[in-house]
Structure formats: C-alpha cells, structure tokens
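Counting convention: from 1, in listed order, for ligands and their atoms alike. Residue numbers start at 1 and run along the sequence shown.
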Amino acid sequence: MADKLTSKRITAVRDSQRGFWNFLTHADSAKRRKQPGALDFSLGNPHEMPPKGYVETLKKWTEPRHPRWFNYVTNDPGAQAAVAAALRAWRGIPFEPADIAMTTGAFGAIAAALHALVDPGQEVIFSLPPWFNYESMIVAVGGVPVKVRVDPASFDLDLGAIAAAITPRTRMVIVNTPNNPTGKIYPPETLQGLADLLTRASAEHGRPIYILSDEPYSRLVFDAKPLHSPTAYYPNTLLAYSYGKTLLTPGERIGYLALAPSMPGREVVRESITLAQIVCGFAFPNAILQYAIGDLETLSIDLDHLQRKRDRLLEGLRAAGYDVHRPEGTFFLLPKSPIEDDRRFCELLAEDDVFVLPGSICEIPGYFRIAFTATDEMIERALPKFAATMARVTNRPGAARPG
Ligand SMILES: Cc1ncc(COP(=O)(O)O)c(C=O)c1O
C-alpha cells in the first residue's frame with residue numbers, strides 16, 4: 001500500500017532500515033523507554049543538563065547585532081573560520097575556511113556528501129557493524145550499499161574485504177572512527193593501508209573513490225589515546241563532524257563537512273556540496289548556532305566523567321559474567337548477549353525496565369549496545385538488573401528477578 005502512496009525511493013529507505021525504525025517508533029519498548037524511572041540506555045540522548053556555558057552562549061548569540069542578523073545564512077564565514085582554526089590547531093592539518101561546509105550535524109554532512117558525489121547505481125562501501133542510518137541514506141540517493149565485515153577479533157577494518165568489494169562502480173568508502181558501536185579507533189597502519197588501496201583503485205578506474213570519514217565522536221576518546229583520521233592519509237577525504245556528541249545536545253543541529261586541503265578539484269566539490277544542501281531543503285544549521293560556533297568549540301561534556309562511567313559499567317558487567325571489550329572512544333559499550341538471540345535478551349532486560357539496543361539492529365547479532373550517556377544513578381540502578389538477567393538466562397543462583 002505504502003508504495004502506492006509514497007515514492008519508491010522512500011519505500012526502499014523504509015525497507016533498508018532493518019528494524020531500527022520499528023524499534024524507534026512502534027516496538028512495545030518505544031513507549032516504555034520514555035516512562036518515568038525507565039533505565040533507557042538505548043540511544044545517545046542526554047540524561048543530564050547541558051555543559052556549563054552552553055545556554056549562556058546561545059543566549060549571547062541570539063541577541064541581534066544588526067538588522068540582517070536573521071538573514072538566510074548558508075555557510076557563515078565566521079563559523080567557517082572558527083572551525084578551520086580549531087581543526088588546524090587540533091589536527092595539525094591546514095584546513096581552509098572555504099572548505100568547511102556548515103551542516104545540520106553529521107547527519108547533514110553525510111547527506112550532503114552523498115548527494116554531491118554519488119550517482120544512482122554507484123556503490124558505497126561501509127563496514128559492519130555500522131551506524132544504522134548509512135544504508136538508508138545511500139539508498140535515498142539511488143546509491144548501492146556494499147557491506148563488508150570488520151575483523152571480528154579486533155574490530156579493525158578488514159582491508160582484504162574492502163579490496164575485494166571494490167568494483168569500477170565504487171564511488172565512496174565510509175569510515176567511522178571512533179566507531180559506533182564498537183568504540184574502535186582505527187590505527188595509522190590501517191588508514192595508510194586503506195589510502196594505498198584506494199589510490200591504486202582510483203587510478204585503475206580513472207576517477208576518485210572518496211573516503212567519507214564520519215567522526216562525530218572524535219573528541220570522545222578515552223585514556224588520552226591519539227585519534228587518527230583518514231584526512232591525514234588520503235587526499236580525497238571528506239570529514240563529517242557533529243557537535244551533538246561532544247556537547248551532548250543532539251537536538252541542536254550543527255556540524256560540518258570539511259574537505260581535506262590536499263583534495264584535487266575541491267573548488268568544484270565545495271560548490272556541489274552547497275548546491276546539495278540547498279536542494280535538500282536549505283539544510284544549513286540555523287544562524288544562531290553558526291554565530292555561536294567559535295564559543296561552542298571550547299565547550300564539552302566532562303570527558304573524565306564519561307570515562308569513569310565506561311569503567312564502572314565495564315567493571316560491573318564483567319563481574320556479572322558479561323563478555324565485553326573496552327571501547328577506546330564514543331559513549332557505547334557492546335557486550336556479547338549471553339544467549340544467541342540478542343533481541344530476546346533485550347526483551348528480558350526490558351522486563352526489568354532496562355532498555356538497550358539489540359545488536360541485530362546494527363547488524364551485529366549476538367551483541368547488544370549500551371549508551372552510557374546515562375547518569376551515574378541510572379548505572380548503579382541498572383547494574384544489579386543486568387546481573388539478575390544474566391543469572392536468569394544462565395540459570396545461576398540469584399536468578400530471581402529483582403524487584
Ligand atoms: C556514527 C554516527 N554518524 C553520524 C551520526 C549523526 O550524528 P548527529 O545526529 O549529531 O548529526 C551519529 C549519531 O548517532 C553516529 O553515531
């Protein structure tokens with residue numbers, strides 16, 4: 001029926017969502033997760049007030065300074081300059097202000113890159129487990145999603161699998177580091193290997209294969225680990241970033257798409273990105289957020305606190321018998337489900353008002369994802385419930401459901 005009422009393209013998008021849309025909107029847990037007292041670890045939403053200075057900054061930049069304050073704004077030159085300066089200082093790469101497209105978060109950056117660079121029928125490779133929206137965003141531009149698995153032992157990119165997936169129709173490879181949901185930061189050797197591979201394949205096929213480096217968690221890195229970005233290894237890279245993670249304000253839509261300064265023909269790419277954003281509904285962040293970005297650049301959630309929450313959960317889950325690796329970045333843990341059917345295990349947790357994301361939804365069945373944007377209090381309340389549900393499925397003593 002839906003295909004009679006709406007476009008085939010959006011029907012294909014719905015089909016490609018693989019349960020996430022259902023989880024978000026229709027599943028029984030969708031309503032229960034929002035009830036007071038529910039322990040909702042399913043998505044990276046805030047559970048605490050925004051970082052100090054956030055609201056003051058927005059108030060400061062809301063006050064108009066001249067009559068054109070609320071004009072149409074595509075890329076505000078001040079915002080582009082502030083982002084380029086921050087990237088230069090942080091990454092040591094000479095990003096240019098004109099190569100920064102201001103976007104509605106990483107979502108907007110990914111959409112703009114796909115619309116600007118990918119033709120119908122062209123292939124876009126990404127690694128599993130992925131962020132659950134890549135596939136539908138590729139389908140939305142008529143692109144063909146091509147999936148390869150990461151190395152299951154290390155969660156590192158499998159360069160052999162990527163090489164085998166490349167064809168003359170390959171246009172783009174999406175790399176997400178630090179990775180949602182594995183928390184992996186890809187090491188320099190992997191990124192260099194990928195760059196070499198794509199340089200050879202681009203030359204062979206006579207047109208560039210781009211890397212879209214999706215890095216919204218690049219500032220949420222633990223144990224002072226260095227971040228490595230494909231922008232430092234491969235000239236045809238576009239960097240997608242969102243402030244929604246660092247500031248934990250995903251409802252305030254701002255981010256950017258930055259072209260590596262060594263990208264050939266980037267003047268043409270720049271313009272195509274702006275045009276893509278216009279036809280996607282003037283998809284630029286609102287003016288106030290753009291004016292504020294120089295100040296917002298200096299703010300962050302408390303990274304030490306985030307790391308303590310990761311460590312507390314790791315300790316508690318491992319003590320309860322969960323097999324869970326230590327993520328290097330992001331705010332996600334990816335424990336193994338103690339029973340094969342991860343959806344069923346998540347339902348059992350939900351019976352005790354603990355809501356997590358089944359791994360099947362991000363194409364890693366047998367696991368589940370915990371977002372630790374939750375408060376300390378939520379974590380402490382949830383840990384005994386995680387332990388009881390583990391005991392329940394393994395028939396260990398203490399398997400009674402907690403009250
Ligand atoms: C890997 C990844 N990319 C992109 C996004 C989109 O970020 P935003 O909603 O801040 O635009 C997310 C959000 O969860 C993500 O996890």
Side-chain angles (χ1 to χ4, degrees), residues 17 20-21 23-24 40-47 50-51 54 83 101-115 124 126-138 140 145 147 150 155 157 172-186 211-221 227 229-230 237-258 277 280-281 283-286 289-290 293 296-297 299-301 306 327-334 356-357 359 361-364 369-374:
Q17 281 277 352
F20 180 60
W21 186 243
F23 176 84
L24 210 58
D40 185 8
F41 296 84
S42 56
L43 299 173
N45 273 317
H47 295 270
Y54 185 77
V83 169
M102 301 307 299
T103 62
T104 51
F107 253 116
I110 296 164
L114 289 169
H115 277 272
V124 179
F126 59 92
S127 294
L128 309 185
W131 180 50
F132 28 69
N133 285 298
Y134 292 142
E135 179 169 356
S136 40
M137 293 177 81
I138 295 165
K147 304 172 187 185
V150 293
F155 288 146
L157 294 178
M172 185 181 275
V173 178
I174 302 178
V175 175
N176 167 220
T177 186
N179 186 268
N180 169 10
T182 65
K184 177 81 180 173
I185 297 176
Y186 300 125
I211 292 183
L212 177 57
S213 185
D214 183 23
E215 304 181 19
Y217 303 96
S218 49
R219 282 168 160 145
L220 304 183
V221 167
L227 172 83
S229 165
T237 301
L238 302 97
L239 189 173
Y241 182 74
S242 170
Y243 290 87
K245 312 296 178 192
T246 313
L247 300 168
L248 208 39
T249 50
E252 291 294 308
R253 308 295 311 159
I254 187 157
Y256 56 80
L257 183 64
Q277 289 176 271
C280 285
F284 301 94
N286 77 45
L289 283 169
Q290 293 207 46
I293 209 65
L296 295 180
E297 258 291 334
L299 306 180
S300 170
I301 54 167
L306 191 68
E328 298 170 292
T330 74
F331 39 58
F332 300 114
L333 284 180
L334 191 65
V356 296
L357 192 76
I361 286 180
C362 20
E363 298 188 65
I364 185 155
R369 194 191 73 173
I370 299 177
F372 51 92
T373 53

About how many Å separate OG1 of T246 and OH of Y217, when rounded to the nearest 0.5 Å?
-> 10.0 Å
Closest approach of I211 and P230, non-hydrogen atoms and distance?
-> CG2-CB, 4.0 Å
Non-neighbouring partners of S242 that pass side chain to side chain contact (heavy atoms under 4.5 Å, CB included), sequence neighbours left out | A106, P216
P51 side chain reached by L248 side chain, heavy atoms, under 4.5 Å = no
Distance to 0.1 Å, residue and atom name: give those for the protein heavy atom nearest to atom 13 (C) of ligand 1.
-> K245 NZ, 2.7 Å
To the nearest 0.1 Å, how far is atom 10 (O) of ligand 1 from its closest protein heavy atom, and which atom is that?
-> S242 OG, 2.5 Å
Counting heavy atoms under 4.0 Å, the part of A106 that contacts ligand 1 is both
For the residue pair L289 and I293, establish whether any side-chain heavy-atom pair is separated by less than 4.5 Å.
-> no
What protein heavy atom sits nearest atom 1 (C) of ligand 1, and how far off is it?
-> D214 OD2, 3.2 Å
Part of Y217 with heavy atoms under 4.0 Å of ligand 1, whether side chain, backbone, both or neither = side chain
Contact (N/O only, under 3.5 Å) between F107 and ligand 1 = yes
Candidates F126, F107, F20 - the one meeting ring pair (Phe, Tyr, Trp, His ring centres under 6.0 Å) with W131 = F107
Would you mind listing which atoms of ligand 1 come within a distance below 4.0 Å of any non-hydrogen atom of N176?
-> 1 (C)
Side chain, backbone, both or neither: which part of Y134 comes within less than 4.0 Å of ligand 1 when only heavy atoms are counted?
-> side chain
Could you see which bit of W131 sits under 4.0 Å from ligand 1, with heavy atoms only: side chain, backbone, both or neither?
-> side chain
Can you tell me how far the CG atom of L220 sits from the CD atom of E215, to the nearest 0.5 Å?
-> 12.5 Å
Under 4.0 Å to a heavy atom of G105 - the qualifying atoms of ligand 1, by number = 11 (O)
Taking only heavy atoms of R253 into account, list the atoms of ligand 1 that are under 4.0 Å away from them.
-> 8 (P), 9 (O), 10 (O), 11 (O)
Answer yes or no for P216: is there a heavy-atom contact with ligand 1 below 4.0 Å?
-> yes
Do the non-hydrogen side-chain atoms of P129 and V150 ever get within less than 4.5 Å of each other?
-> yes
